[in-house]
Amino acid sequence: MHVLIIGGGIGGLCLAQGLRRAGVSATVYERDAAPDARLQGYRLNIEPVGSRSLHSCLPPELWDRLIAASGDPGPGMGVFDERLRELMQERSNAGRTSPVEAAHAVSRVALRAVLLDGVDVRFGKEFVRYEQLRGEVVAHFADGSTASGTLLVGADGSRSRVKRQLLPGAGQRDPAAFGVGGKLPLTPETGTWLPDVLTTNKNMILPRRDFLFTAAFRPRAGGEGGYLMWAFVAHRSTYAGQDPHGFVLERSRRWHPDLRRLVAESGGVELFDFRAAAKVKPWATTNVTLLGDAVHNMPPVGGLGGNTALRDAGTLRDALTSGMPLIEAVRGYEAEMLSYGFAAAGEALMYLRLATVRSRLVRGAARGFFRLCGAVPPLRRAIFDG
């Protein structure tokens with residue numbers, strides 16, 4: 001078997017690592033000219049489902065290197081109103097002593113460096129189309145070159161050309177939302193005014209309008225310096241094209257002064273739009289399949305997209321190395337992936353609706369729900385800590 005992986009994101013690279021560890025030949029084709037051709041964004045919160053996939057796919061030395069380069073994401077998630085009054089604290093990561101079952105905060109740059117180590121990646125390869133010939137699949141690239149394999153995996157993101165050819169009728173949903181992200185270095189000076197809760201945990205800030213997520217990154221050992229990242233989310237109708245940094249400051253003018261200072265003193269402020277895949281029905285299985293955002297892309301809310309892509313990689317690796325015939329293995333993977341993948345996408349869209357809802361009644365009810373969960377620990381544990 002030889003597997004062609006189109007796209008060198010975290011899902012495609014994790015699959016390549018898992019196949020390499022299992023002794024299966026695989027090559028990744030990435031359109032970027034080099035590993036550092038573009039910025040890799042902020043940190044990624046790897047949840048236990050992602051940790052398990054990475055642990056099973058990476059060789060032990062790379063797993064250990066990843067854990068050493070990652071940070072402690074904190075005991076769980078705090079929920080606050082815009083005046084930093086606590087509504088709830090969930091502790092889903094507290095007491096998890098095994099790194100395989102724990103969450104980890106990792107820089108995307110550090111994660112990508114680990115995933116690239118030792119795998120066969122061909123950069124500068126812009127995928128154009130594929131053709132299926134006598135049990136093989138041939139990938140065609142923009143430079144005129146081709147590559148042949150037993151299986152082709154589209155891991156080429158939300159604008160996947162593999163998906164466009166495989167599922168030409170698949171569409172996108174418009175979540176009608178956008179985000180603005182920024183980053184504040186954690187220094188001795190910021191430590192004098194930042195509240196401890198913002199520097200030790202992930203937090204949802206649920207004002208009467210809009211939404212803010214914060215997460216601190218403190219490396220366990222070595223790596224880049226610590227920082228606090230934030231992501232502001234709002235309904236697209238509220239934005240008229242103004243400076244995104246100034247826009248967030250204007251929308252947060254009644255928030256707690258420490259939250260406003262966090263936004264005001266941050267750098268690397270970026271505007272990003274949200275996309276979401278329309279749910280697709282099972283298709284006739286062939287020797288071409290999809291993984292991660294190429295099939296079930298979702299808004300980057302709750303860290304679900306990256307972890308689901310990692311889960312895809314582990315699930316497909318397990319199927320391909322199970323000893324079943326290729327088509328049977330891929331069919332089983334696709335059935336499982338579509339079930340949990342679009343369940344995760346639905347969850348992300350639910351969180352996004354909560355973040356952008358403009359009804360004061362619904363927003364008040366959501367704040368009341370979190371306050372109730374904070375006041376009744378058995379209820380909170382039943383809903384959030386499982």
Side-chain angles (χ1 to χ4, degrees), residues 1-29 46-63 66 98-101 114-115 117-121 130 132-139 147-156 160 162-163 166-167 280-296 306-345:
M1 184 189 303
H2 179 64
V3 181
L4 310 178
I5 301 171
I6 309 300
I10 62 172
L13 291 174
C14 184
L15 173 62
Q17 287 283 359
L19 293 175
R20 172 174 171 256
R21 185 175 182 185
V24 177
S25 174
T27 302
V28 179
Y29 296 89
I46 300 174
E47 300 294 342
V49 64
S51 295
R52 288 190 289 270
S53 287
L54 284 166
H55 180 261
S56 69
C57 288
L58 290 172
E61 63 274 14
L62 289 184
W63 168 254
L66 176 64
S98 168
V100 181
E101 295 297 328
V114 169
L115 291 174
D117 194 333
V119 298
D120 182 9
V121 183
Y130 66 82
Q132 293 159 299
L133 301 170
R134 297 181 300 277
E136 284 197 333
V137 59
V138 180
S148 299
T150 318
L151 174 72
L152 185 143
V153 180
D156 48 341
S160 170
V162 179
K163 180 181 182 180
L166 180 65
L167 305 174
V280 297
K281 296 180 179 179
W283 58 86
T285 299
T286 68
N287 58 352
V288 176
T289 193
L290 300 166
L291 178 153
D293 282 352
V295 57
H296 47 55
N307 283 282
T308 307
L310 293 172
R311 181 175 181 179
D312 289 351
T315 303
L316 182 52
R317 189 284 310 266
D318 289 347
L320 295 178
T321 58
S322 66
M324 290 188 292
L326 177 67
I327 298 302
E328 183 180 340
V330 174
R331 184 181 296 114
Y333 156 73
E334 289 172 346
E336 187 175 352
M337 175 271 294
L338 287 174
S339 176
Y340 67 69
F342 280 100

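This one's a predicted model, so the numbers in the text were calculated from it and none came from an experiment. Start at 1 with the first residue, then count along the sequence.
- Residues Thr315 and Tyr340 come closest through the heavy atom pair OG1-OH, 3.3 Å.
- Residues Cys57 and Gly314 come closest through the heavy atom pair SG-CA, 4.0 Å.
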Are Asn307 and Ile46 close enough, and set up right, to give a side-chain contact (heavy atoms from CB on, under 4.5 Å), and what steps lead you there? CA-CA 6 Å; Asn307 283 282; Ile46 300 174; 3.9 Å; yes
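- Here the side chain of Asp312 pairs a donor or acceptor atom with the backbone of Gly292 at under 3.5 angstrom.
- A heavy-atom distance below 4.5 Å is not found between the side chains of Leu320 and Tyr333.
- With rounding to the nearest 0.5 angstrom, the CG atom of Leu291 is 7.5 Å from the CE atom of Met337.
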Would you list the atom pairs, donor with acceptor, under 3.5 Å between side chains in residues 4-20 and any protein atom, with sequence neighbours excluded?
{"residue": "Gln17", "atom": "OE1", "partner": "Arg20", "partner atom": "NH1", "Å": "3.3"}
{"residue": "Gln17", "atom": "NE2", "partner": "Leu115", "partner atom": "O", "Å": "2.9"}
{"residue": "Gln17", "atom": "NE2", "partner": "Asp117", "partner atom": "O", "Å": "2.8"}
{"residue": "Arg20", "atom": "NE", "partner": "Gly118", "partner atom": "O", "Å": "3.1"}

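- In terms of modelled atom types and a separation under 3.5 Å, the side chain of Ser53 and the main chain of Leu310 share a donor-acceptor contact.
- Going from atom CG of Leu316 over to atom CD of Glu336 covers 10.5 Å, rounded to the nearest 0.5 Å.
- Atom CD of Gln132 is separated from atom CG of Asn287 by 5.0 Å, given to the nearest 0.5 angstrom.
- Applying the side chain to side chain donor-acceptor pair (under 3.5 Å) test to every pair with at least one member in residues 317-331, sequence neighbours left out, gives these pairs: Ser56-Arg317.
- Shown here for Val288 and Leu151, the closest heavy-atom pair between the two residues is N-CD1, 4.1 Å.
- The OG1 atom of Thr27 lies 4.0 Å from the CG atom of Asp120; values are rounded to the nearest 0.5 Å.
- Distance NE2/His2 to CG/Leu152: 10.0 Å, rounded to 0.5 Å.
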Show your working on side-chain contact (heavy atoms from CB on, under 4.5 Å) between Arg21 and Leu58 and close with a plain yes or no. CA-CA 7 Å; Arg21 185 175 182 185; Leu58 290 172; 5.6 Å; no
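- Residues Val330 and Thr286 fail the side-chain proximity criterion, which asks for heavy atoms closer than 4.5 Å.
- Closest approach of Ala147 and Tyr29 over heavy atoms only: CB-OH, 3.2 Å.
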side-chain contact (heavy atoms from CB on, under 4.5 Å) for Leu290 and Leu167? Distances and angles first, verdict last. CA-CA 10 Å; Leu290 300 166; Leu167 305 174; 3.9 Å; yes
Evaluate the criterion side-chain contact (heavy atoms from CB on, under 4.5 Å) for residue pair Trp283 and Leu338; output intermediate values, then yes/no. CA-CA 10 Å; Trp283 58 86; Leu338 287 174; 3.9 Å; yes
